[in-house]
Amino acid sequence: MASRYDPQAAEPKWREAWANADLFKAQTPAEAGDKPKAYVLEMFPYPSGRLHMGHVRNYAMGDVVARHKKAKGYNVLHPMGWDAFGMPAENAAMEKNVHPGEWTYQNIAAMKAQFEKLGLSLDWSREFATCDPDYYGEQQRLFLKFMDQGLVYQKNAKVNWDPVDNTVLANEQVIDGKGWRSGAPVEQRELVQWFFRITDYAEDLLEEVQKLDRWPEKVRTMQANWIGRSEGLQMRFEWASAAPTGFEAGVEIFTTRPDTLYGASFVALSPDHPLTVDMAANNTDLEAFRAECAKVGTSEADIEKAPKMGFDTGLTVKHPLIEGLTLPVYVANFVLMGYGTGAIFACPAHDQRDFDFARKYDLPILPVVKPIDKDTASATWVTSGQGGDMEAAYTGPGTIMNSADLDGKEIADAKSIAIGKIEALQLGQGTVNYRLRDWGVSRQRYWGCPIPVIHCDDCGIVPVPESDLPVKLPDDVSFEKPGNPLVHHPTWKDVACPKCGKSAQRETDTLDTFNDSSWYFARFASVDDPAERAYWLPVDQYVGGVEHAVLHLLYARFFMRAMRDVGEVDLPSGEPFAGLFTQGMVTHETYKTDDGRWITPAEVEERDGSLSEIGSNHSVSVGAIEKMSKSKKNVVDPDNIIATFGADTARWFVLSDSPPERDVEWTQSGAEGAGRFVQRVWSIFNALSDTEQPVDASDTDAATALRRVSHKATAAIDKAIEEFRFNSAIATVHEWVSALKKAEQAGDEVLRARFEGASMLARSLVPFMPHLAEECWHLIGGEGLCSAAAWPDVDSALLVEDSVTMPIQVNGKRRAEISVAKIASKDDIEAIALAEPALQAFIDGKTIKKVIVVPGRIVNIVV
RNA sequence: GCCCGCGUGGUGGAAUUGGUAGACACGAGGGACUUAAAAUCCCUUUCCGAUUUCGGAGUGCCGGUUCGAGUCCGGCCGCGGGCACCA
């Protein structure tokens with residue numbers, strides 16, 4: 001009998017056995033019968049070409065859930081595919097002169113081979129890549145349905161334009177106001193873009209996200225903030241000066257502070273407000289001002305530094321509540337066109353931006369909120385009523401003043417009264433505003449899903465007929481010229497108008513790749529059967545990185561609502577993911593040589609007690625523990641780990657120690673420790689493999705004690721897995737294994753209990769280390785495949801001890817311990833406790849005021 | 001600036017209805033086996049004091065509630081994350 005477990009031999013053997021048994025194929029609803037379903041999904045990967053440790057952790061977690069559910073008798077769907085469109089493929093095409101499709105499918109093949117080594121319980125029969133024409137063709141059909149339903153529209157929008165690469169850049173791709181590739185200063189440009197009406201669902205998305213009780217609180221908060229609901233007043237200020245043509249009604253503004261209306265000192269328009277644009281056409285100074293505003297970048301730092309700039313239009317409006325008061329109308333650079341109405345009224349005393357602006361342009365500052373806070377209230381400005389020595393706007397709580405009949409009201413009350421007044425004057429109404437913008441989905445890229453519309457000079461925008469779908473990407477493209485290869489393609493965009501037959505042009509924009517990941521889980525559920533989709537959806541447990549907390553998870557929630565509303569999916573709530581878990585990253589120490597190069601962990605060795613670079617004389621210093629990344633080179637290749645220790649060790653390590661939602665630091669010694677543990681587990685089974693299982697015997701105390709350990713551990717692991725406390729489950733396994741190991745020293749009286757424990761242990765290990773579990777199961781003569789076995793039954797009688805150890809405290813300090821029968825009454829426990837010899841020194845001669853007995857927990861004697 | 005989290009040994013962390021703080025692991029130290037090494041096994045490992053049995057302190061800091069607080073409440077300090085000229 002071998003004395004060591006050899007994962008290199010065992011792991012492929014068992015994976016083959018699972019594959020032959022087709023073990024992880026989801027059952028159809030009919031096959032499943034009464035079984036409950038469990039749809040377990042990890043965020044599908046981008047096929048970069050290599051698996052990294054972050055993937056291993058992500059998919060190991062999902063696999064724990066999927067395998068556990070299977071063992072608990074669920075019909076499990078656990079599919080995998082590829083999020084295959086995107087920029088890296090185009091970059092590779094430019095750098096290596098390889099077609100993006102070829103590059104992508106090669107990467108998929110390479111990664112799939114790596115995936116298979118991990119022993120994941122995946123149903124590969126549903127695999128697809130989002131760049132498969134079948135998939136994106138279906139996406140095009142959905143796009144057209146959305147368009148039909150009015151959920152898609154085109155409009156002019158400001159975008160980041162790189163003048164060298166001739167392309168639109170996402171905000172994330174603009175670094176310090178320059179294009180990330182070209183380094184050219186980015187311009188703001190107006191372009192016609194396609195949009196999805198995600199804002200139609202703003203209220204529902206916000207309301208429903210609060211109800212997702214199996215989502216992390218953090219993610220729900222982030223989504224709520226992103227949607228950014230605010231209640232306020234939308235109203236118009238009527239002209240005091242002559243009304244500009246086309247804007248006779250006045251200036252429409254939005255405010256969340258109608259309570260400060262009496263403190264208004266000016267009205268401000270966005271530089272991009274239609275009225276501003278209109279006026280600028282005949283006013284070169286204003287046009288110059290607008291250009292100045294456009295120069296300021298969109299990055300955080302720029303905005304922070306940007307001074308308040310204003311332009312006095314010379315126009316004036318009437319204050320709605322103060323007879324005879326007029327307010328100047330400015331154009332101000334801090335007013336955004338994208339929020340509210342693109343115009344505001346300013347109350348400088350209670351808004352910092354308005355305050356800065358008022359000080360700069362010498363506009364009135366009239367405080368209308370009297371602070372509750374004493375220090376602030378003592379300032380002269382409160383009583384002076386004219387701003388006085390105010391150094392900053394006051395935005396805290398208080399009561400209204402200087403505001404006619406609003407005086408003395410609380411802010412909240414004043415708000416509703418002010419809204420009522422404006423409504424009575426028919427100048428506006430209370431309203432709700434959202435920060436959420438419609439989703440701009442146009443990308444001037446090749447490697448994405450073509451937007452299936454045709455532009456005809458006569459008919460306008462014409463949808464591609466369904467029979468012509470998919471609109472396939474052309475293969476013969478060149479990346480020589482900068483910009484979108486689809487535009488440069490000689491023939492692809494030339495097409496006859498489906499309506500009138502005249503020559504027309506295809507849309508050359510492709511869809512933002514976030515579209516691809518917004519419905520892939522529905523495609524996994526079924527290629528085209530709505531009933532099967534309804535059976536599987538929503539995803540019961542979704543697992544992925546927190547970096548998708550807003551974008552992907554919000555888009556997917558929108559997509560399911562849109563698909564529901566066009567009759568594409570039967571999902572009444574519109575919520576795609578009932579349970580969400582966001583896992584932490586895998587980190588590693590960083591290493592830097594004395595000449596300033598980052599080097600990989602594999603290039604570091606210990607020499608004379610300090611670290612050096614292998615094969616050189618450079619000493620190495622240890623840097624911060626960071627997320628594994630190519631730039632810092634602190635990466636550990638899963639392939640190497642699997643080759644050295646086996647997949648089970650890698651899985652075990654990334655799940656142990658840290659709670660799943662937190663980062664875990666990869667260390668060599670930790671991996672070695674996990675590898676040692678694998679051997680330790682195996683040795684328990686190896687020791688039993690040549691032994692005959694005893695038939696029957698009544699249990700001795702020692703045997704019962706061991707059985708208790710096994711049954712308690714199984715129950716604890718079960719619970720910990722369900723609660724995503726994998727690190728706790730692993731700690732329990734450690735204790736259990738130690739107990740079983742120790743029992744090897746005892747006599748035959750515990751043999752039966754050892755067999756029982758081993759059998760339960762193998763099945764409990766399946767979610768974590770499936771290959772090892774299988775090998776161990778086989779060693780003790782387990783029936784069939786362990787991965788197909790049911791979760792071990794727990795004898796609940798064995799979970800309860802006959803007697804319990806209880807600590808005894810005197811005045812809250814632990815002074816002794818007693819052992820009492822589980823069923824002992826409070827009075828009995830009290831009597832035993834008070835008689836405890838070790839306690840006498842602490843209670844002797846003192847009056848006992850009170851004795852608190854919590855049966856099974858604690859006794860506290862108060863003297 | 002606003003909104004969330006989180007502060008426990010040398011390290012990762014456990015303590016999940018307020019009830020024995022430090023489970024489990026890594027690291028470190030000591031020992032056994034061995035000619036030796038590897039492998040394996042055992043012991044110690046929060047701090048201070050007492051040679052054991054023991055006593056005192058201790059979960060970022062200050063205070064509170066409670067018989068009892070890592071856990072609840074108030075106020076600080078520190079760290080991390082998200083959002084940000086959003087009216």
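Only this structure's heavy atoms are used, side chains among them; waters, hydrogens and symmetry mates stay out. A, B, ... follow the sequence lines: proteins, then strands. Residue 1 opens every chain.
Look at A/Lys712 and A/Glu801 and you find a salt bridge, because one of the NZ, NE, NH1 or NH2 atoms lies within 4.0 Å of a carboxylate O, short of that distance.
Within residues 720-732 of chain A, the residues having any heavy atom closer than 4.0 Å to RNA chain B are, in order of number, A/Arg725, A/Asn727, A/Ala731.
One atom, OH of A/Tyr434, and another, C1' of B/C83, lie 19 Å apart when rounded to the nearest Å. One can place CD of A/Gln352 at 12 Å from P of B/G1, the figure rounded to the nearest angstrom. Spacing between atom CZ of A/Arg857 and atom P of B/G19 amounts to 6 Å, rounded to whole angstrom units. In this entry the distance linking CD1 of A/Ile625 with C1' of B/G12 reads 10 Å, nearest Å.
Comparing B/U44 with B/A23, their P atoms are spaced 12 Å from each other, to the whole Å. Rounded to the nearest Å, the gap between the C1' atom of B/G7 and that of B/G22 is 16 Å. Of the P atoms belonging to B/U59 and B/U8, the separation is 11 Å, rounded to the nearest Å.
Within the 4.0 Å cut-off from OP1 or OP2 of B/C3, not a single side-chain nitrogen or oxygen of A/Arg220 is found. Proximity of A/Arg435 to the phosphate of B/A84: a side-chain N or O atom is located under 4.0 Å from OP1 or OP2. Between A/Arg676 and the phosphate of B/A39, there is no side-chain N or O to OP1/OP2 separation shorter than 4.0 Å.
No hydrogens or angles considered: nothing links the side chains of A/Ser230 and A/Asn433 as a donor-acceptor pair under 3.5 Å.
If you look at A/Phe266 and A/Tyr361, their ring centroids are not closer than 6.0 Å. Checked against the 6.0 Å centroid threshold, A/Phe724 and A/Phe726 count as a close aromatic pair.
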_Paired and unpaired positions of RNA chain B as dot-bracket, Watson-Crick or G-U wobble under 3.5 Å, | denoting a partner strand_ = (((((((..(((......[....)))((((((.......))))))((((....))))..(((((..]....))))))))))))....

Polar atoms only, N or O, under 3.5 Å: list the protein pairs with nucleotides 63-69 of chain B and their distances.
unit_1	atom_1	unit_2	atom_2	d
B/C67	O2'	A/Asn860	ND2	3.1
B/C67	O2	A/Asn860	ND2	2.5

*asked:* Test side chain to side chain donor-acceptor pair (under 3.5 Å) on A/Lys741 and A/Ser683; report intermediate values, then the result.
replied: CA-CA 9 Å; A/Lys741 196 73 192 157; A/Ser683 73; 2.7 Å; yes

